Amino acid sequence: NINLTHDTVIDIKINATKEIGEVVVTSATNKLRSSQMGLVEIPIQETKQLPVLLGEADLMKTIQLMPGIKGGTEGTSGIYVRGGGPDQNLILLDGVPVYNASHAFGAFSVFNTDAVQSFSVMKGGFPARFGGRLSSVIDIKMKEGNNKEFHGEGSIGIISSKLTLEGPIKKEQSSFLISARRTYFDLFTVPLTLAASGGKYFGGYYFYDVNAKVNHKFSEKSRLFLSFYTGMDKVYMREINSFDNNTSKATAGTGWGNITIALRWNYILSDNLFANFTGTFSRYNFFIEEETKYDKGANYYSYEYNSGIKDYGTKIDFDYLPHSAHNIKFGLN
């Protein structure tokens, strides 16, 4: 029982209950319920329940099942929204643009579902705060971590293993979440290439992801969030040759990956106005490298090629609710 005499905030922890039977929700009217066109939101639990490739739940492949969206080559994570190309989609992770959203040449997406809290897809009529896009906006939010008790979960799959840890740094005030994933294709390719070459060379391929997020509650009106993501694909080969009483060791490889960082301060200015101040950094890098060393003599050879993009951003967003039926957003990016 609550005696409501003034504005108040009450946090109530709700425990999970038993699952109920199927519920079918239908509508008898055609009233417009939202001014946002083409918006679809999918609970992350549904993504984990769908049939998946090699046991890897994939957020981007879930999006391919939506109306108006289709995948390209079978099994890849690229998406085509209403005829647009994969490079015309804005993909945001906690408000930071992600420039390469796939692993294994498009077979898997870079988003570890254990670290994702929610995601939405906008297929048209994009709000001005996203800067204008040709095809779609995919907005992904990371989990914030449990600020009451420590939790951990992990899985061992056919192609990769995952581990997620979350818990309070200071109970009820700050928390952390860290989630990591790595494949082990190279555990199979290295012995095969060694056997095929008679022990002269070996090669492999792998990819990994690391998601981390920390948040701190200064007061009921002020919160700070810091999120981080890094991931990389790497193809490599190592070779040993002997000639003229000398031995050379050559290493060659190519790789590509992302780093994103977001620092956000959320502050409630009044009962109907709150603000978000955000700083972001995103980097995509592609590289090719080769190195040769000799056991005898000073001969040494190496080269490295790099190509990429770095993106720095700051923005301030305001949400103003003059009435329960109206919501005004404004800001600067």
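If you read the sequence from its start, that first residue is 1, and numbering goes on from there. If you're wondering where the values come from, they're calculated on a predicted model, not measured in any experiment.
In this structure, Tyr305 OH and Glu289 CD are separated by 14.0 Å, a value rounded to the nearest 0.5 Å. Separating the CG atom in Leu226 from the CG atom in Leu263 is a distance of 5.5 Å, to the nearest 0.5 Å. Here the straight-line distance linking atom CG of Leu269 with atom OH of Tyr320 works out to 12.0 Å at 0.5 Å rounding. Here the CE atom belonging to Met122 is positioned 10.0 Å from the OG atom belonging to Ser136, to the nearest 0.5 angstrom. Here the straight-line distance linking atom NE2 of His151 with atom CG of Leu177 works out to 11.5 Å at 0.5 Å rounding. In this structure, CG on Asn146 lies 9.5 Å from NZ on Lys171, to the nearest 0.5 angstrom.
With a 4.5 Å cut-off on side-chain heavy atoms, Pro97 and Leu92 count as touching. Counting heavy atoms from C-beta outward, Ile288 and Phe286 have side chains that approach closer than 4.5 Å. Using a 4.5 Å cut-off on side-chain heavy atoms (C-beta onward), Glu290 and Tyr301 make contact. In this structure, Leu224 and Phe218 have side chains that are in contact, with non-hydrogen atoms separated by less than 4.5 Å. Side-chain contact between Asn285 and Asn306: present, with at least one pair of heavy atoms (C-beta onward) separated by less than 4.5 Å. A 4.5 Å side-chain heavy-atom check between Met142 and Asn211 finds at least one atom pair inside the cut-off. Within the 4.5 Å cutoff, the side chain of Tyr206 has no heavy atoms near those of the Tyr184 side chain. Between Asn215 and Ser175, some side-chain heavy-atom pair lies under the 4.5 Å cut-off.
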request  = Would you please test Asp209 and His103 for side chain to side chain contact (heavy atoms under 4.5 Å, CB included) and show each step?
outcome  = CA-CA 10 Å; Asp209 297 309; His103 284 307; 2.7 Å; yes
task = I would like to know whether Asn147 and Ser174 meet side chain to side chain contact (heavy atoms under 4.5 Å, CB included); could you show each step before the answer?
result = CA-CA 6 Å; Asn147 64 0; Ser174 58; over 6 Å; no
inquiry  = For a side chain to side chain contact (heavy atoms under 4.5 Å, CB included) check, start with the C-alpha distance between Ile261 and Phe228, then their side-chain angles and the critical distance, and finish with the verdict.
reply    = CA-CA 5 Å; Ile261 301 172; Phe228 169 81; 3.7 Å; yes
task = Test side chain to side chain contact (heavy atoms under 4.5 Å, CB included) on Thr164 and Ile178 and set out the steps.
result = CA-CA 6 Å; Thr164 301; Ile178 182 165; over 6 Å; no
task = Please report the C-alpha distance between Phe185 and Tyr205 in whole Å, then the side-chain angles of each, then the deciding distance to 0.1 Å, and finally whether the ring-ring contact (aromatic ring centres under 6.0 Å, His included) criterion is met.
result = CA-CA 6 Å; Phe185 292 118; Tyr205 164 79; 5.6 Å; yes
message = Does Glu172 form a salt bridge (Lys or Arg N to Asp or Glu O under 4.0 Å) with Lys148? I'd like the steps, not just the answer.
response = CA-CA 6 Å; Glu172 304 284 353; Lys148 299 181 186 299; 3.2 Å; yes
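Tyr267 and Leu273 fall within the same hydrophobic cluster, where Ile, Leu, Val, Met, Phe, Trp and Tyr residues are linked whenever their side-chain heavy atoms come under 4.5 Å apart, directly or through other members. Under a hydrophobic clustering in which Ile, Leu, Val, Met, Phe, Trp and Tyr are joined whenever their side-chain heavy atoms come within less than 4.5 Å, directly or via other members, Val235 and Phe287 fall into different clusters. By the rule that hydrophobic residues join a cluster once side-chain heavy atoms approach within less than 4.5 Å of another member, Trp256 and Tyr208 end up as members of separate clusters. Under a hydrophobic clustering in which Ile, Leu, Val, Met, Phe, Trp and Tyr are joined whenever their side-chain heavy atoms come within less than 4.5 Å, directly or via other members, Val190 and Ile159 fall into different clusters. Phe225 and Phe176 are not part of a single hydrophobic cluster, where members link through side-chain heavy atoms under 4.5 Å apart.
There is a side-chain donor-acceptor pair under 3.5 Å between Asp311 and Tyr99. Looking only at atom types and distance, the side chain of Asn272 has a donor-acceptor partner in the side chain of Ser270 under 3.5 Å away. Side-chain N/O atoms of Gln88 and Tyr80 include no donor and acceptor closer than 3.5 Å. Using modelled atom types, one finds no donor on one side chain facing an acceptor on the other under 3.5 Å when comparing Ser179 with Asp114. Asn266 and Asn276 share a donor-acceptor pair across their side chains, judged by distance under 3.5 Å alone.
The shortest non-hydrogen separation linking Leu90 to Phe130 is CD2-O, 3.7 Å. Minimum heavy-atom separation, Ser135 to Phe126: O-CZ, 3.2 Å. The two residues Leu39 and Ser120 make their nearest non-hydrogen contact at CD1-CB, 3.9 Å. Nearest approach of Ile69 to Val121, heavy atoms of both residues: CD1-CG1, 4.0 Å. Taking every heavy atom of both residues into account, Leu165 and Gly152 meet most closely at CD2-CA, 4.0 Å.
At least one donor-acceptor pair under 3.5 Å links the side chain of Asn89 to the backbone N or O of Ile79. In this structure, the side chain of Arg82 engages the main chain of Lys123 through a donor-acceptor pair within 3.5 Å. Although no hydrogens or angles enter the test, the distance criterion places a donor-acceptor pair under 3.5 Å between the side chain of Asn100 and the main chain of Ser102. A donor-acceptor pair is defined here as one N or O able to donate and one able to accept, closer than 3.5 Å; such a pair exists between the side chain of Asp233 and the backbone of Ala104. With hydrogens and angles ignored, the 3.5 Å screen pairs a side-chain donor or acceptor of Thr189 with a backbone N or O of Gly203.
For Leu187, the CG atom is densely surrounded, since the number of other residues' heavy atoms within 6.0 Å is greater than 12.
Screening Arg182, Arg181, Met232 for a side chain to side chain contact (heavy atoms under 4.5 Å, CB included) involving Phe207 leaves a single residue, Arg181. Partner of Asp94 under the salt bridge (charged side-chain N to carboxylate O under 4.0 Å, His left out) criterion, out of Lys141, Arg264, Lys213: Lys213 alone. A side chain to side chain contact (heavy atoms under 4.5 Å, CB included) with Val96 is found for one member of Ile259, Asn258, Thr280, Ile140 and no other, namely Thr280.
Taking a cutoff of 4.0 Å between a charged side-chain nitrogen and a carboxylate oxygen, Lys143 and Glu166 do not qualify as a salt bridge. A salt bridge between Lys13 and Glu149 is present, with a side-chain N of the basic residue lying under 4.0 Å from a carboxylate O of the acidic one. Salt bridge absent: Lys217 and Glu144 never bring a charged side-chain N and a carboxylate O closer than 4.0 Å.
Between Phe277 and Trp265, the ring planes lie parallel to each other; the angle is under 30°, not in the 30° to 60° tilted range. The aromatic rings of Phe202 and Tyr236 lie perpendicular to each other, with more than 60° between the two planes, well past the 30° mark.
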